[in-house]
Amino acid sequence: MTAHDVQTAATEPQIGATSEPAHGAEIVVPLNRLKASPKNARKVRHSAAAIEALAASIRAKGVLQAPVVEIERDGEGAVTGAYLVTIGEGRRQALRMLVKRKAIKRTHPVKVVVDSLNDAHEISLDENITREAMHPADQFEAFRKLAEERGYGPEEIGARFGVSAHVVRQRLRLGAAASELMAAYRDGTLNLDLLTAFCVSEDQDRQRQVLEQMGPYTSVFAIRRAMTEAKVRADDRRVGFVGIEAYEAEGGAVLRDLFTEDGGGWLEDPALLDRLVSEKLTVLAEEVRQREGWKWAEACAEFADAADFGRVYPVAIERSEADAAEMAALSEEYDRLISEADAVEVLPPETDARLEAIDKALQAYGPDYDYTPEAKARAGVMVMLGHDGLARFERGLVRTADAALAPPAPWNAEEGADGEAPEYAGADDARAGSEGQEPDEGMAPLSERLLIDLTAHKTMGLRDAVQADVAAALATVVHALALQVFYPGYGDFTPLQLRLSAGGLERLAPGVGDSPAGRRVTDRLEAWGARLPEQARELWEVLASMRRSELLDLLACCAGVGLHAVRDPHDRRPGAWAQAETLATAVGLDMSGTWSATAASYFARVPKARVLEAVTEAVGAEEAGRMAGFKKGDMADAAERLLEGKGWLPPVLRTAETLPEEPGQEGDGEDGPPPSLDEACGLAAE
């Protein structure tokens, strides 16, 4: 009960059940004697938010406008002592809400005005029709005035008017808009959505600048972008990496977006953010260098910075027979417990504890693969920020200065110290014979011409033998490819005249190495690099012991790295491009899993007509029509939001579907389907 109600209750006459007040009389009635009028024109109940706001207002300021009531009579016309609320049912409901919350008593005194002459239904209708709500701009500015003149915060204002503190903050932000914006909003030139876009920032000077530049059809997207163009979105990967708390701790300002559900915003100091990212990456680089013993470690901005380095790969850790047996036993026990746990919904405590103990025991043995001390002594690590906002460590990178000056000679130690094979006769010996001098034949080396002749015959014999041995042929091809992929500079360690170009794509399309497909390619290379020996001269022995299925997997890994289907106008290869499309169809390539259309990746880089074409294909002509008048930047942003998750691809990234072969066509004979690749190569059986 407010002070106002207490004073009213003490001074106004109390009306008993048998008294009948005159028309227009102001009386005080206990709340529990006020009833809803059946003649009320409003049949749809007040919203919960409206009742909440009224209750907050009444608790803070009392009932500001007395309800209008008529006297309730029984069937014989006698006064019952209760009153029917003709005008003010919302206030009655708000008072009842306060009773439920035990803020007031059920007999709380309420001042009302008695109307016994007018038709109750008509005045109820009149009350709901002949009134006009204040303009929202007036409400925004009124909230701002309360904050500035009375010192009320958002929570206090919200409590006094029954709205959330967040809503109050929104209205305070809108109330602080530049006067030109408020004038345009009042006269209808600017709608609420556009005003909200301007008010993402409180910078009134910037609001005026954007308002002057705004055309008649400027979109919300364009205004929001113009108001925040020098800021960094709160969902940027750099923000996720550093953390807003760390940024704010360094004095960085954050502009909160009060008008979106996710409550995002913008960071107003990009230079500070970039510095914090660089410093954190540098700290991580130094930590990994000291912890793992690399020669060097440094932070870099993008994967392209690491693309031109050489690489070393980890090797399998040699373990004692006892350790290997213990690890195998622990792994077997772990798998058995997991298999048994599938049959129950909740793991028994003892099983859960044993699984945790096994996991710790296996971790204590360390990784199965690691870099050798010799590799770490000449290689290093680059730490960069991945596309997911997490630090990405590229280990085993070798600088040019740290790489071997030249690969070791591929021949044996018995060869001459000058690097020539023992069988090779120098030109001096040949010239000596031509001058008529009889050389001492003894164990003289073979002449150059004879050596060429003999090894040509040996080469032909080798060709014949390899053609007849599919396994050896496969190993030879894989050996030649693997040398060029995993052992740069050692490509001449094979007699097979096969050249593979494994050039990087980062300089052509920055970020392609960090795409889902790029990460999968890198993961496969790292997995194979860990299995292959560190020295190129040991590669053949390892390959010779592999199963054919493993050789085929390695062959696929190397062949994939060598593919190059970039349509460079300075390197026109239409035949290769056409074959790349055929290959994409054969493998069922679906680029929607590794590339998505965004403003940065596509829409901002093509004409507006292509943007509208994409929206039409993915969403529909109606949405495209709504965007037709947008400026290029706004259209690109809108298209990105509309096509998110749709899987749309530009024609150049689409893969043609393979049409099923109809009966009777060539190749549909009675001998069954064509053989598989393994069968055709004679590799189906191990």
Side-chain angles (χ1 to χ4, degrees), residues 303-304 306-314 369 387 392 394-397 473-491 493-494 496-533 536 539 542-543 546-568 571 573 575-595 649 652-656 658 676-678 680-681 683:
F303 182 75
D308 294 333
F309 283 78
R311 277 188 179 271
V312 294
Y313 294 94
Y369 293 88
H387 70 283
R392 175 176 170 182
E394 289 294 329
R395 293 175 171 85
L397 301 178
L474 174 61
T476 301
V477 172
V478 175
H479 180 254
L481 294 177
L483 282 172
Q484 297 173 71
V485 172
F486 295 96
Y487 305 91
Y490 290 77
F493 274 41
T494 174
L496 185 63
Q497 294 178 303
L498 180 64
R499 289 293 177 265
L500 177 71
S501 176
L505 299 173
E506 278 290 334
R507 302 200 182 284
L508 302 176
V512 66
D514 210 21
S515 67
R519 289 305 306 160
R520 290 192 292 270
V521 169
T522 301
D523 290 344
R524 293 189 190 100
L525 288 172
E526 291 179 349
W528 272 110
R531 293 186 59 184
L532 300 180
L539 177 61
V542 173
L543 297 182
M546 284 188 180
R547 298 192 305 271
R548 292 180 181 179
S549 59
E550 294 177 304
L551 289 173
L552 287 171
D553 287 342
L554 180 54
L555 174 65
C557 181
C558 295
V561 173
L563 290 172
H564 189 83
V566 177
R567 298 193 182 185
D568 187 344
D571 182 22
R573 301 183 303 148
W577 298 344
Q579 179 59 28
E581 296 304 318
T582 301
L583 183 58
T585 301
V587 299
L589 177 63
D590 181 6
M591 285 298 297
S592 63
T594 188
W595 184 93
L649 295 171
V652 71
L653 292 184
R654 299 174 190 172
T655 300
T658 304
S676 67
L677 179 61
D678 284 359
C681 296
L683 303 175

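Here, residue 1 is the first one in the sequence, and each next residue gets the next number. Please read these numbers as outputs of a predicted model, since none were measured by experiment.
For Thr494, the side-chain contact (heavy atoms from CB on, under 4.5 Å) partners two or more places apart in sequence, or in a different chain, are His479, Ala480, Leu483, Leu496. Judged as a side-chain contact (heavy atoms from CB on, under 4.5 Å), and not counting sequence neighbours, the contacts of Pro314 are Tyr369, Tyr371, Ala530. The salt bridge (Lys or Arg N to Asp or Glu O under 4.0 Å) test applied to Arg654 returns Glu617, not counting sequence neighbours. In terms of the salt bridge (Lys or Arg N to Asp or Glu O under 4.0 Å) criterion, Glu526 has no residue partners (sequence neighbours excluded). For Val521, the side-chain contact (heavy atoms from CB on, under 4.5 Å) partners are Arg524, Leu525, not counting sequence neighbours. Applying the side chain to side chain donor-acceptor pair (under 3.5 Å) criterion to Asp590, with sequence neighbours excluded, gives Ser592. With sequence neighbours excluded, the residues forming a side chain to side chain donor-acceptor pair (under 3.5 Å) with Arg531 are Glu550, listed by chain and number. Qualifying side-chain contact (heavy atoms from CB on, under 4.5 Å) partners for Ala565, counting only residues two or more places apart in sequence or in other chains: Ala580.
Note that CH2 of Trp528 and CZ of Phe486 are 8.0 Å apart. Values are rounded to the nearest 0.5 Å. Note that the CZ atom of Arg548 and the CG atom of Leu551 stand 9.0 Å from one another [nearest 0.5 Å].
Pairs of residues two or more places apart, or lying in two chains, never qualify as salt bridge (charged side-chain N to carboxylate O under 4.0 Å, His left out) while including a residue from residues 476-485.
Tyr313 has its side chain out of reach of Leu532: every pair of non-hydrogen atoms, C-beta onward, lies at least 4.5 Å apart.
A donor-acceptor pair under 3.5 Å links the side-chain atoms of Thr655 to the main chain of Leu589, judged by distance alone. Glu581 places no side-chain N or O within donor-acceptor distance of the main-chain N or O of Ala656, the cut-off being under 3.5 Å.
Heavy-atom minimum distance, Leu554 versus Ala482: CD2-CB, 4.5 Å.
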